[in-house]
Each structure stands twice: as structure tokens, then as C-alpha cells.
2 protein chains.
Amino acid sequence: MPNRKIATPITLTEVKSACSNCNLHELCLPLGLSHAEIEKLDEVVANRRRLKRGEHLYRAGEPFDAIYAIRSGFFKTDVLLEDGREQVTGFQMTGELLGLDGISTEHHSCNAVALEDSEVCTIPFLHLEGLSREIQTLQHHFHKVMSREIVRDHGVMMLLGTMRAEERLAAFLLNLSQRFTARGYSPAEFYLRMTREEIGSYLGLKLETVSRAFSRFQEEGLIAVQQKHVRILSIPGLKQLMNHQQGRG
Amino acid sequence: MPNRKIATPITLTEVKSACSNCNLHELCLPLGLSHAEIEKLDEVVANRRRLKRGEHLYRAGEPFDAIYAIRSGFFKTDVLLEDGREQVTGFQMTGELLGLDGISTEHHSCNAVALEDSEVCTIPFLHLEGLSREIQTLQHHFHKVMSREIVRDHGVMMLLGTMRAEERLAAFLLNLSQRFTARGYSPAEFYLRMTREEIGSYLGLKLETVSRAFSRFQEEGLIAVQQKHVRILSIPGLKQLMNHQQGRG
DNA sequence: CGCGCACGTTGACATGGATCAAAGGGGCAA
DNA sequence: TTGCCCCTTTGATCCATGTCAACGTGCGCG
């Protein structure tokens, strides 16, 4: 299934992101800015970068100097322990920001990997700070985005700390559904970009457990799933699952 | 339990936090500011608030308008699910900030509870934003603090997602040790301010499991523990524990 | 100063999810 | 188009941690 927005002939080196033309206003940074302000932002958001599936946008330990807005595509971020254990810390889609973790130490603290061919806007961080000293709306929006990330992380902590396997998967599917909806896609039908193992890592489960939970949801008529293609048959059913089950074992 | 804000002889309304005199420079917001800049900050950090043990600094759902710097004391933050399940999202000590989660929706998204008698500085958020538009250093430091919170949360996700019970507790103790050290206290000996149940909630474990892990660490000579008093006998021993164990079940 | 109760410890048992194993299925490359 | 490899599914078994229960213990209030 093609998910390409742009499959273009344009020479990339000099391409401007053109926030002014971008249809991600509501999702990305600019929100309620004047025309003049958006033009300033255009100058800051200097260029785009394309990544093929499997390619790293950045790696843990690399110097940080920019955050990235996803123009199209799908990413995962993960943290690795010395002994090789991986924790997927999030999946990011169109309009979301990547790299906020790097501000803290001026080095990236996780890896960001494209799960499909993707395109991002590079936003040099010092420029963004400069501009957000000039434009209050932008400053406030940026703070909200960072705070939203913290709140999101708390939700994941809740999920990992208190929920059982099936609740976790239900929460995961409902979250994806909601984010696809916000982007104008179907709330009920989508293709997963990540493997069962990556879902498992994100949810603190083994891939077999994820697979079994998918099968069980299917048996119960909550979803129809075939490989990476998921169709949610009962959103209320999934929601109900989360309220009625007790803490995990 | 009374939920009073003020229980002191001092007239609080006019008390200044006096960042200029505060010994938390390195931990809290001001860092490398000029004298004049710190005076501006003094004006923003309008007043202090005292809380007794058990008192809420704020609750999920309340309107957000300020963040708080802990001047002294110890807090927990937690999120509650409708069915009563609790996830402790963090423990905060002197010099750390509370309330960053509220920026996102302009409502607090978690509860903050004092685990001992505590004192905080109230920092009205819009004022802080105003000042950070004027003072680049302050702006940058604030962004780092928010980013650090995101990185911290990723660490907790790693802990909850991939570690076994004893690894989690070891990581928890080492983290406390390091933070006490940074505040000039002993790295090896401290009193826990929270119950086994709260530790368990934070670590995604039941209180019995936490208690057993403490006992086992003691048997192995890694710590000496009696109720809330903990003495770490071998920091390397605890660190080693985290590297050599395999993923959880 | 002493009592009561919340907190902590420990034991026995239950179980959810991990682990180990093996057999499809589908997408991508040649 | 075909073949290979990665991904997924499913089954059998095991084990870490949850659950239930009973007993200690020490702090705080009166």
C-alpha cells in the first residue's frame, strides 16, 4: 500500500521546508503565528532530509544541535543498555518532533530510526531558541510540546508499571488509532510500521506475547489482524478491556 | 487530612524567595546569571509555600499556572487510573522542579504530594516565560531541565520495560545515592521517605517483592536496611547486579 | 510513656508471561 | 517468477513475581 506523500523530482540540497506551505501547521510548531512570523520560521527551518527505511536520523551519543519535525514517514526511538537490551521509548509519526531528549546534555540520548522511507525538517535548536525569544506564541507552543512529551512518557510508565499484556496492547492500538485519526486517516484500519518485537519492546513484553495478544483480540472479535495490517472492529471493546482488568502479574 | 497551604508564623504573602541568597543555584533554575538577572528572577519567584507531610502541592485536573522549585523536603508525583491503580511517576528532592507536566494542557496531569514537611518556591509560569525571553541563559537552562525530565522518563521506561525486580531496586537505590551525593549528603546512608508500596508503584512491583529484594540485598551484604534506614555497603556490587542479569519474566 | 495501627517482613501457593521449539507465510532481491 | 530469510504464529513448559495470609515492629498520638 503506497503511503507516499511526495515522490518528487526536486533537487534536495536547497529545498526550503516552507512552513508557510506546510499542511502540518496544527501538528508541528507553527500555530497561530502571523504571516511575518511564519516567514521568520521558514528561515530557521533550513532544510529537509530524507531517510530510507532502517536509516538512523541520529544515534545516542552524537552531538545535538537540531530537532526534527517529521514531514512524512514513521520513526521509532530507542535506548540500548550495555548488555544489549533495547527499550523502544516511542513511535513517532507525521507532524511530531524528534530530538527533544538531546537538549539536556547537548548529546542525543537515544537512537531515532526510520521505520519507513521518511522525510524530516531540520530545525537548528539555537535558532529555534532565538526565534522563540522573539515570538511568544512560538515559545509557548514549544514549551507545550516538550511538556506533552513528559505527559506522554508518564502514560507509558503507567502502562508498563500497572497494566497486563492485553491492556497494554489495547492501549497501544487505541493510541495509534487516535493519532491516525488526528491526521485524517481511518481510526479503524492501518498498517503497523514496526515488528512484533518492536511493539513488545515498547510495551515491555516479548514478541510472542504480543503475537498471542493479537490472536486473542482476533478470537474475541475485537480486531482483524493479518501480519501488519490491523482493522479495529470494536474500539469500545478495546477500551472496556482496559478498565475491567486487574493489575498485572 | 487538612489541605491548608500555610501553617506558619511568618506572613507569607510578601516573602521573597530570594534566589540571590538561595544555595540551590546549581540545582534549580539560576545558573550563570548576572547579579542583575538574578534580581529579576527574584521578582518572578514570588513566594514560598510550606507543606506538611501528606499534603498535596497540586492535584491532577487542577488548572496550571506555576511550576515549583523544591527548597527543602521530598515529594512524589503520581497518576491514578479510574479503577484506582496508581503509578508513581517520580520522587523529587531539594532543588528539583515540579509541575512541568501541567504546561501541556494548562492543567496538572498528575498529583504532587509531600512525603515530608517541605517548602517550595512558586514560579508563575507566564512570568518565567517572559523572563526567559529576556535572558537567554535562563531560557536555555529551562529547556535543559525539561529535556532532562524527558531523558529521566526514558530511563524509567527502560527500567520498567526490561529489568527484573532486583535490577530495578538496585537502579533505584543507586539513583537516590547519586542524587543525595549531588546535594552534599552521604552517598551510602539515607532515610527513605516513601513506603515500600510507593517504591513498588514506581518500580512496577508489589510491595512484597520490594521487601524481599531489600532482604536479599541484605543477605548478600550489599546493603544494611532497617525499615526506612538504608546503608549501601557496596555500590559496585549494586552496579554489577544490573549488568549481569538477564531480561525479566 | 504506652497503646494502636500503619508499615514491613516472611512464607506458601498461584499464575501470567517468558522461554524454548518448530512450523508457516510473505515480501524483497535476483 | 522463484527462493530465501525474516517475521509471525502457535504449542509446551518454566519461573519470577503476584497473591493471600499471618506475624513483627516501631512510630506517633494521646
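Throughout, protein chains are lettered first and strands after them, A, B, ... in sequence-line order, and every chain is numbered starting at 1.
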Ionic contact status for Glu198(A) with Lys76(A), cut-off 4.0 Å: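 Judged by the 4.0 Å cut-off on N to carboxylate O distance, Lys76(A) and Glu198(A) do form a salt bridge.
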Please determine whether a side-chain nitrogen of the Lys or Arg among Arg212(B) and Glu208(B) lies less than 4.0 Å from a carboxylate oxygen of the Asp or Glu.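 Salt bridge: no.
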Distance to the ring centre below 6.0 angstrom and angle to the axis at most 45 degrees; does that hold for Arg193(B) and Phe91(B)?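 The answer is no; the distance or angle limit is not met.
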Taking five pairs at each end, how big is the angle between the two axes of the helix from dC1(C)-dG30(D) to dA30(C)-dT1(D), to 10°?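 Both end axes considered, the difference amounts to 60°.
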Consider the side chain of [X], meaning its heavy atoms from C-beta on, and name the nucleotide among [options] that approaches it most closely.
X: Ser211(B); options: dT8(D), dG8(C), dG11(D); result: dG8(C)
X: Arg53(A); options: dC28(C), dG11(C), dG17(C); result: dC28(C)
X: Ser215(B); options: dT19(D), dC20(C), dT9(C); result: dT9(C)
X: Arg164(A); options: dT10(D), dT8(D), dG16(C); result: dG16(C)

Donor-acceptor pair, side chain of Ser201(B) and main chain of Val88(B), under 3.5 angstrom: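 It does hold such a pair.
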For Gln218(A), answer base if it contacts any base atom (sugar-phosphate contacts may also be present), sugar-phosphate if it contacts only those atoms, and nothing otherwise; contact means non-hydrogen atoms under 4.0 Å.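 Nothing, no heavy atom under 4.0 Å.
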Give Gln226(B) one of three labels, base, sugar-phosphate or nothing, depending on what nucleic acid heavy atoms sit under 4.0 Å from its own.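 It contacts sugar-phosphate atoms only.
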Quick check on DNA chain C: between Glu208(A) and Val210(B), whose nearest nucleotide comes earlier from the 5' end?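 Nearest nucleotide further toward 5': that of Val210(B).
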Should Arg216(A) and Glu166(A) be marked as a salt bridge (charged side-chain N to carboxylate O under 4.0 Å, His left out) after you check the CA-CA gap, both sets of side-chain angles, and the distance that decides it? CA-CA 9 Å; Arg216(A) 187 168 243 269; Glu166(A) 292 188 7; 3.4 Å; yes
Find the distance [X]:[atom1] to [N]:[atom2] and express it as a whole number of Å.
X: Leu205(A); N: dA16(D); atom1: CG; atom2: P; result: 18 Å
X: Leu207(B); N: dC20(D); atom1: CG; atom2: P; result: 13 Å
X: Arg216(B); N: dT17(D); atom1: CZ; atom2: P; result: 10 Å
X: Glu116(A); N: dG27(C); atom1: CD; atom2: C1'; result: 16 Å
X: Glu166(B); N: dA16(D); atom1: CD; atom2: P; result: 10 Å
X: Glu197(A); N: dT9(D); atom1: CD; atom2: C1'; result: 15 Å
X: His229(A); N: dG27(C); atom1: NE2; atom2: P; result: 12 Å
X: Lys206(B); N: dT19(D); atom1: NZ; atom2: P; result: 5 Å

Closest approach of Leu241(B) and Glu167(B), non-hydrogen atoms and distance?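 It is O-CG, 3.9 Å.
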Starting from the C-alpha separation in whole Å, work towards a yes-or-no answer on side-chain hydrogen bond (donor to acceptor under 3.5 Å, both in side chains) for His229(A) and Glu189(A). CA-CA 8 Å; His229(A) 179 232; Glu189(A) 189 166 9; 2.9 Å; yes
Is any side-chain nitrogen or oxygen of Thr209(B) closer than 4.0 Å to OP1 or OP2 of dG18(D)?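 For dG18(D), OP1/OP2 do have a side-chain N/O of Thr209(B) under 4.0 Å.
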Contact under 4.0 Å: Lys228(B) side-chain N or O vs dG8(C) OP1/OP2: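 Checking dG8(C) against Lys228(B), a side-chain N or O does come within under 4.0 Å of OP1 or OP2.
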Let's see if you get this right: which residues in residues 189-196 of chain B place a heavy atom under 4.0 Å from DNA chain C?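 Contacts with DNA chain C under 4.0 Å: Thr195(B), Arg196(B).
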Candidate list Arg71(A), Arg148(A), Arg183(A), test salt bridge (Lys or Arg N to Asp or Glu O under 4.0 Å), partner Glu96(A), passing option: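 Only one of Arg71(A), Arg148(A), Arg183(A) forms a salt bridge (Lys or Arg N to Asp or Glu O under 4.0 Å) with Glu96(A), namely Arg183(A).
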Could you tell me whether Tyr58(A) and His108(A) have their ring centroids closer than 6.0 angstrom?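 Under 6.0 Å, so yes.
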Classify the side chain of Arg212(A) and the base of dG11(D) as holding, or not holding, a donor-acceptor pair under 3.5 Å.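 When only heavy-atom distances are counted, Arg212(A) does reach the base of dG11(D) through a donor-acceptor pair under 3.5 Å.
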Option from Thr89(B), Thr77(B), Asp101(B) for which side chain to side chain donor-acceptor pair (under 3.5 Å) with Ser109(B) holds: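 Testing Ser109(B) for a side chain to side chain donor-acceptor pair (under 3.5 Å) against Thr89(B), Thr77(B), Asp101(B) leaves exactly one candidate, Asp101(B).
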